[in-house]
There are 2 protein chains.
Amino acid sequence: MKHVTIKDVAKKLNCSVSTISRAFNDKYDIKKETRDHILATAAAMGYSPNPIAKSLLKQCSNQIGVVVPEFINSFFPEVIIGIQEVLIKKGYQVLIMQSNESQITELENIKTLENNMIDGMIVSLSLGTQNVEYYKNLIAQGFPLVLFNRVSNELDTSKVVFDDYKWAFFATEHLIYQGYKHIFHFGGPSGHIFTQKRKDGFIDAHRKHKLPIDDNNIIETGLMIADGERVMEKLINEGNLPDAIFAVNDPTAIGAMKMLRKHGYKIPNDVALVGFTESSLAELIDPPLTSVAQPTHEIGKTAARLLLEQIESKGIFVPQTVILNGRLNVRESSMKLK
Amino acid sequence: MKHVTIKDVAKKLNCSVSTISRAFNDKYDIKKETRDHILATAAAMGYSPNPIAKSLLKQCSNQIGVVVPEFINSFFPEVIIGIQEVLIKKGYQVLIMQSNESQITELENIKTLENNMIDGMIVSLSLGTQNVEYYKNLIAQGFPLVLFNRVSNELDTSKVVFDDYKWAFFATEHLIYQGYKHIFHFGGPSGHIFTQKRKDGFIDAHRKHKLPIDDNNIIETGLMIADGERVMEKLINEGNLPDAIFAVNDPTAIGAMKMLRKHGYKIPNDVALVGFTESSLAELIDPPLTSVAQPTHEIGKTAARLLLEQIESKGIFVPQTVILNGRLNVRESSMKLK
DNA sequence: AATATTTTCGGAAACGTTTTCGGAAACGTT
DNA sequence: AACGTTTCCGAAAACGTTTCCGAAAATATT
């Protein structure tokens with residue numbers, strides 16, 4: 001309850017607070033013996049410097065804010081672990097907030113973090129975030145900010161992204177190589193870069209292999225299991241079944257799979273499936289789901305490192321965009337049975 | 001970068017900082033018109049009170065710390081969402097840290113949070129935490145602390161727990177009712193309350209139904225998928241197969257399921273399975289896994305409410321333990337086929 | 001031995017708030 | 001007109017640090 005302060009230690013040792021401070025900050029102008037003595041008694045008294053007071057004085061807090069849209073799926077938690085791995089080692093504390101895919105909550109989070117004098121921020125934009133003016137201001141003021149995955153072209157700051165186009169292309173091409181010809185794409189919410197990129201990859205893979213494709217092949221679905229179920233059910237009822245589906249992410253693929261199974265369809269015999277952004281689910285469900293894996297830990301670590309670079313290089317800093325590589329984990333859900 | 005402070009506003013308005021403060025804190029001794037005028041110009045200048053300075057002065061921060069062992073599985077994230085739901089509404093900010101199942105990290109987290117002058121803490125103990133002396137100290141000092149799920153009998157503080165015994169009993173009884181007679185328990189790491197309780201429930205269900213049971217029925221397994229796989233593989237190699245397994249949690253059940261499938265065994269025909277602590281996996285895998293579901297959101301909300309009670313009732317406070325109810329979701333993995 | 005330099009430390013200001021205290025102004029009462 | 005109340009606001013202290021400045025003590029230089 002009653003915290004031991006620097007004054008208590010000073011009183012006990014009959015010296016000034018400045019000396020205590022010097023001992024703790026390893027300053028040059030203090031005798032080694034006194035420093036050791038101070039450190040020893042301070043430890044005995046259970047004293048440790050109050051970071052809040054320090055923050056107020058230094059105008060920075062050794063804290064980094066992280067804002068993610070959600071942490072129900074394992075993707076963002078895994079990224080956060082990567083972030084922490086790098087930052088904690090550097091003595092930073094990581095404050096985590098979730099925006100719940102809402103622009104309003106996201107903005108509140110940002111402001112709270114800003115008020116807490118955090119030294120920098122790592123953000124993945126929520127689906128609801130259309131207006132990025134606030135971020136523009138932050139960036140203009142030189143505030144250290146790194147975006148990852150859900151980024152915005154309007155913002156000139158460091159970014160860690162995944163090559164959605166390329167891996168959507170590969171994933172689609174994999175289905176084509178397996179011999180599937182009538183492929184649907186279950187797309188994400190429109191107006192988002194990753195939605196567009198994954199769709200483009202899907203389309204261009206068809207173009208390369210000269211497979212016919214039109215708007216009917218692409219269905220805006222969403223990102224949740226329920227979305228995949230809903231769209232799949234509609235297709236089943238309409239009797240409009242493809243022989244393969246490339247889904248914007250694993251949950252929609254899994255939703256589709258559940259609905260197909262429920263109606264007695266076999267996977268991949270009747271319909272093959274490929275997901276995106278590996279979740280722990282992919283290899284556990286039956287049949288195991290072919291999916292594009294993102295290097296979650298690496299994304300976090302890279303974002304943290306970019307942020308540190310910006311924080312440490314006062315002023316002269318050129319934002320970088322790092323594109324990380326993924327992997328297509330081919331599993332049963334997309335293997336053509338001969 | 002350059003924050004607008006209360007002094008800037010005071011200078012601009014040619015008044016004292018105390019007046020500004022009064023305006024923002026809705027004090028009685030300020031004229032309404034001046035207050036409105038101040039609030040308006042402050043907003044125009046982009047001023048908002050610095051919470052760090054406030055924390056230093058008030059010796060509290062309107063922040064609540066949450067420490068969980070991990071957030072890879074969806075269980076803890078869901079609890080956290082419940083916590084946030086309650087606390088954010090009350091104007092608290094939630095700082096989340098993970099201990100990685102390590103006592104050392106957990107202690108570091110606690111200290112960091114404490115130094116940050118948080119007003120209270122919600123903690124789920126890590127597996128590695130054997131020594132709870134530090135918590136005893138906190139509690140003795142009257143520091144608001146609520147434990148959930150992974151609690152300790154040695155600590156006299158508010159707790160939100162699940163009736164592990166009861167639901168382990170029900171889960172086992174369900175298997176017995178289905179006609180399974182030779183049932184194994186894949187247990188958690190020893191030395192933890194929940195491990196013991198779930199084991200006791202398993203044993204007592206057998207006693208009630210007068211089914212023979214001994215130490216061979218109970219195998220200390222762990223908590224991860226890999227643990228389930230390892231133990232299951234050993235049993236298969238030994239030719240020592242039960243007709244049903246009650247696992248300490250879903251991951252171990254799923255590990256067992258994977259290994260059984262790999263060796264060509266059918267579920268539930270050859271071996272039935274029941275898990276514990278519903279994960280999103282349970283209903284997605286094939287066959288869907290019967291499992292005991294905990295009310296994650298409710299756990300979080302209750303923990304938050306208990307903490308608020310303690311914070312608001314200065315001094316006179318009696319710790320409460322809330323036991324929440326669960327549900328046995330019966331699915332294919334445990335249904336005896338006639 | 002006197003002076004110059006270095007080492008070591010204490011005092012005080014500063015960070016941005018809130019709050020207590022006291023005082024001035026405005027008002028009401030006799 | 002004198003006094004007591006009330007209303008409103010400013011000055012200053014406090015929260016726990018760090019750091020600048022200067023001074024005393026210790027050491028080195030002449």
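Below, read A as the first sequence line, B as the second, and so on, with proteins coming before strands; counting in each chain starts at 1.
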Query raised in the report: Pairs counted as Watson-Crick or G-U wobble with both distances under 3.5 Å: what dot-bracket string results for DNA chain D, using | for bases tied to another strand?
Result: ||||||||||||||||||||||||||||||
Requested in this report: Using the side-chain contact (heavy atoms from CB on, under 4.5 Å) rule, pick out the option among A:Ile64, A:Val66, A:Val79, A:Ile96 that qualifies with A:Gln84.
Outcome: A:Ile96
Query raised in the report: Just checking, is any N or O donor in the side chain of B:Ser21 or B:Ser18 under 3.5 Å from an acceptor N or O on the other one?
Result: no
Report task. Calculate the interatomic distance between A:Lys11 atom NZ and C:dG11 atom P; express it in whole Å. Result -> 14 Å
Just the atom pairs and distances: protein N or O near nucleotides 5-9 of chain C's N or O, under 3.5 Å.
unit_1 : atom_1 : unit_2  : atom_2 : d
C:dC9  : OP2    : A:Lys31 : N      : 3.0
C:dC9  : OP2    : A:Thr34 : OG1    : 3.2
C:dC9  : N4     : A:Asp29 : OD2    : 3.3

Query raised in the report: Is there a donor-acceptor pair under 3.5 Å between the side chain of B:Arg150 and the backbone N or O of B:Leu125?
Result: yes
Query raised in the report: Within the structure, does a side-chain N or O atom of B:Lys54 lie under 4.0 Å from either OP1 or OP2 of C:dT18?
Result: yes
Report task. Report yes if a side-chain nitrogen or oxygen of B:Asn50 is closer than 4.0 Å to either non-bridging phosphate oxygen (OP1 or OP2) of C:dT17; otherwise report no. Result -> no
Requested in this report: Please tell me which of A:Lys27 and B:Leu56 maps to the more 5' nucleotide of DNA chain D, matching each residue to the nucleotide holding its nearest heavy atom.
Outcome: B:Leu56
**Report entry** B:Phe71 and A:Phe71 aromatic ring geometry - parallel, tilted or perpendicular at 30°/60° bounds
**Finding:** parallel
Query - Nucleotide nearest A:Ser18 (side chain, heavy atoms from C-beta), chosen from C:dT18, D:dT18, C:dG11 - result: C:dG11
Query - First encountered from the 5' end of DNA chain D, between A:Lys58 and B:Lys58 - result: B:Lys58
Requested in this report: Check every strand shown and say whether A:Phe24 touches a base, only sugar-phosphate, or nothing at a heavy-atom separation below 4.0 Å.
Outcome: nothing
**Report entry** Heavy atoms from other residues, nucleotides or ligands near NZ of B:Lys136 exceed 12 (cutoff 6.0 Å)
**Finding:** yes
Query raised in the report: Does a donor on one side chain and an acceptor on the other come within less than 3.5 Å for A:Ser16 and A:Thr19?
Result: yes
Requested in this report: Please report, rounded to the nearest Å, how far the P atom of D:dC8 is from the NE2 atom of B:His37.
Outcome: 17 Å
Query raised in the report: Roughly, in whole Å, what's the span from NE2 in A:His3 to P in D:dA14?
Result: 21 Å
Query raised in the report: Side-chain donor-acceptor pair under 3.5 Å between A:Tyr134 and A:Gln103, yes or no?
Result: no
Query raised in the report: Between A:Arg305 and A:Glu298, is the closest basic N to carboxylate O distance under 4.0 Å?
Result: yes
Query raised in the report: How close or far is atom C1' of C:dT17 from atom CE of B:Met117, stated in whole angstroms?
Result: 13 Å
Query raised in the report: Roughly, in whole Å, what's the span from CD1 in A:Ile52 to P in D:dG16?
Result: 11 Å
Report task. Verify the contact: side-chain N or O of A:Gln59 to OP1 or OP2 of C:dG16, cut-off strictly under 4.0 Å; return yes or no. Result -> yes
**Report entry** Rounded distance in Å - CG (A:Leu57) to C1' (D:dT17)
**Finding:** 6 Å
Query raised in the report: Quick one: B:Ile6 CD1 to C:dT19 P, roughly how many Å, whole number?
Result: 11 Å
Query raised in the report: With A:Glu78, which residues qualify under salt bridge (Lys or Arg N to Asp or Glu O under 4.0 Å), at least two apart?
Result: none
Query - Identified side-chain contact (heavy atoms from CB on, under 4.5 Å) partner of A:Asn149 from the options A:Leu324, A:Thr296, A:Ile299 - result: A:Ile299
Report task. Under 4.0 Å between any heavy atoms, over every strand shown, what does B:Ser21 touch: base, sugar-phosphate, or nothing? Just pick one. Result -> base
Query raised in the report: Please give, in whole Å, the distance from D:dG10 P to B:Lys7 NZ?
Result: 16 Å
